[in-house]
2 protein chains.
Amino acid sequence: MDSEDKSPFGYDAFRRTCPSHTVLEMLASKWVYLVICALRRGRMRNGELARKLEGISPKMLTQTLRVLERDGLVRREIFPVIPPRVEYELTELGQNLAGLLNQIRSWSEQHAPDIRDARARAVAEHEGDLVA
Amino acid sequence: MDSEDKSPFGYDAFRRTCPSHTVLEMLASKWVYLVICALRRGRMRNGELARKLEGISPKMLTQTLRVLERDGLVRREIFPVIPPRVEYELTELGQNLAGLLNQIRSWSEQHAPDIRDARARAVAEHEGDLVA
DNA sequence: ATCCTCACTATCCATGAGGTACCTATATAT
DNA sequence: ATATATAGGTACCTCATGGATAGTGAGGAT
């Protein structure tokens with residue numbers, strides 16, 4: 001039976017129309033992951049985030065922050081000074097989620113070698129296919 | 001300081017070249033999430049998965065399973081019978097991760113209303129912009 | 001007078017993600 | 001003889017995503 005997968009809230013993330021499915025889709029982005037993890041320790045400015053998240057383009061950084069702000073995970077504070085100063089911080093909801101995402105990040109770092117090895121084995125087997 | 005973000009394994013998921021970054025990229029897919037969660041309770045056949053994961057195309061299901069197999073998270077077992085029978089199950093590594101992902105899924109279901117409300121507020125404010 | 005900073009904002013363009021349709025093999029049922 | 005069920009593979013096409021680039025604003029520095 002599926003009873004174990006039914007949440008006590010009546011949601012089922014496996015259904016496309018379920019609100020929780022939409023939440024998962026939002027989370028299924030590497031930048032969302034990293035931005036939330038980066039903000040976990042406290043508020044940061046746009047430029048700080050850009051330097052910390054190696055490889056993110058300004059566009060993607062802004063876009064990701066806007067999505068997170070829209071969804072109530074990040075709060076944006078604008079200081080009316082010149083040059084502009086904008087700070088981002090996690091809301092309570094965001095901090096809540098950050099704990100979980102940080103576990104995932106931690107897991108990724110712990111098990112990166114395992115996955116690297118598995119990939120190497122898969123490539124080796126594929127080479128075997130070519131020879132055979 | 002960044003000391004809190006440095007893993008004891010010497011990895012830093014914020015760097016593009018870091019193996020753990022690659023792992024995160026793999027996880028940043030909604031189907032990876034859902035397939036792993038679906039397999040959490042035990043082995044399943046291709047068709048079972050296809051029915052459970054509403055909206056997944058056969059191509060994406062196969063593709064996702066191949067990636068997970070390559071990375072050592074899923075084991076694939078072929079039964080040489082007619083009609084074909086193939087079963088998928090999580091490896092130990094995969095089960096390890098499934099626990100974490102399931103927490104995320106759980107969180108999504110718990111907080112779906114919060115996020116829905118936040119989005120509704122954001123839309124309302126945007127309408128205000130249009131009127132003003 | 002000109003440039004600099006910072007945080008955007010807009011635009012274009014290449015890449016690739018993902019969907020559909022069609023193909024395989026073969027024992028069983030009709 | 002034909003259809004069905006199962007788990008794919010492959011080719012083709014479309015559309016969205018993300019990256020690069022350039023522009024904007026306004027006070028302060030030189």
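Hydrogens, waters and symmetry mates play no part in the numbers below; they use all other heavy atoms, side chains included. Numbered from 1 within each chain, the chains take letters A, B, ... in sequence-line order.
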Visitor: Hey, which sits more toward the 5' end of DNA chain C by its nearest nucleotide, A:Pro58 or B:Gly55?
Guide: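 Looking at DNA chain C, the more 5' nearest nucleotide goes with A:Pro58.
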
Visitor: Tell me the interatomic distance from A:Lys30, atom NZ, to D:dG19, atom C1', rounded to whole angstroms.
Guide: 11 Å

Visitor: Could you check B:Lys59 against B:Pro84 and say which one's nearest nucleotide on DNA chain D is further toward the 5' end?
Guide: B:Pro84

Visitor: Rounded to whole angstrom units, what separation is found between the CD1 atom of A:Ile82 and the P atom of D:dA26?
Guide: 8 Å

Visitor: Judged by atom type as modelled, is there a donor-acceptor pair below 3.5 Å linking the side chain of B:Thr91 to the main-chain atoms of B:Gly72?
Guide: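 Yes; judged by distance alone, with no hydrogens or angles, the pair exists.
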
Visitor: Figure out the CE/C1' separation between B:Met60 and D:dG9, and round it to whole Å.
Guide: 15 Å

Visitor: Looking at B:Glu109 and A:Ser20, would you say the former's side chain and the latter's main chain have a donor-acceptor pair under 3.5 Å?
Guide: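 Not at all, since once roles are kept as given, no pair shorter than 3.5 Å links the two residues.
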
Visitor: Test your reading of the model: is there a side-chain donor-acceptor pair from A:Glu87 to the backbone of A:Glu77, 3.5 Å cut-off?
Guide: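 Not a single qualifying donor-acceptor pair exists.
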
Visitor: One thing to verify: whether B:Glu125 and B:Arg121 come together as a salt bridge, which I'm taking to mean a side-chain N less than 4.0 angstrom from a carboxylate O.
Guide: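 Looking at B:Arg121 and B:Glu125, the cut-off is not met.
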
Visitor: Figure out the CG/P separation between B:Leu61 and D:dG8, and round it to whole Å.
Guide: 8 Å

Visitor: Rounded to the nearest Å, what distance is computed from the CD atom of residue A:Gln63 to the P atom of nucleotide D:dA20?
Guide: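 The answer, rounded to whole Å, is 14 Å.
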
Visitor: Please check the phosphate of D:dA7 (OP1 and OP2 only) for any side-chain N or O of B:Arg85 closer than 4.0 Å.
Guide: no

Visitor: B:Arg66 side chain N/O closer than 4.0 Å to the phosphate oxygens (OP1, OP2) of D:dA7?
Guide: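 Looking at the OP1 and OP2 atoms of D:dA7, neither is under 4.0 Å from any side-chain N or O of B:Arg66.
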
Visitor: Which part of the nucleic acid, if any, lies within contact of B:Tyr88, taking any heavy atom under 4.0 Å across all strands shown: a base, the sugar-phosphate backbone alone, or nothing?
Guide: sugar-phosphate

Visitor: Give the rounded distance in Å between these two atoms: CD of B:Glu87 and P of D:dT6.
Guide: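 For the pair B:Glu87 CD and D:dT6 P, the rounded distance is 13 Å.
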
Visitor: With sequence neighbours excluded, what pairs up with B:Trp107 under the ring pair (Phe, Tyr, Trp, His ring centres under 6.0 Å) test?
Guide: B:His111

Visitor: State, yes or no, whether a side-chain contact exists between B:Arg70 and B:Val67 at a heavy-atom distance under 4.5 Å.
Guide: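 Of all side-chain heavy-atom pairs linking B:Val67 with B:Arg70, at least one is under 4.5 Å.
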
Visitor: Does B:Ile78 belong to the same Ile/Leu/Val/Met/Phe/Trp/Tyr cluster as B:Leu65, with side-chain heavy atoms less than 4.5 Å apart forming each link?
Guide: yes

Visitor: Please find the earliest and latest nucleotides of DNA chain C, in the 5' to 3' direction, that have an atom within less than 4.0 Å of any heavy atom of chain B.
Guide: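 Range of nucleotides touched by chain B: C:dG18 to C:dA27.
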
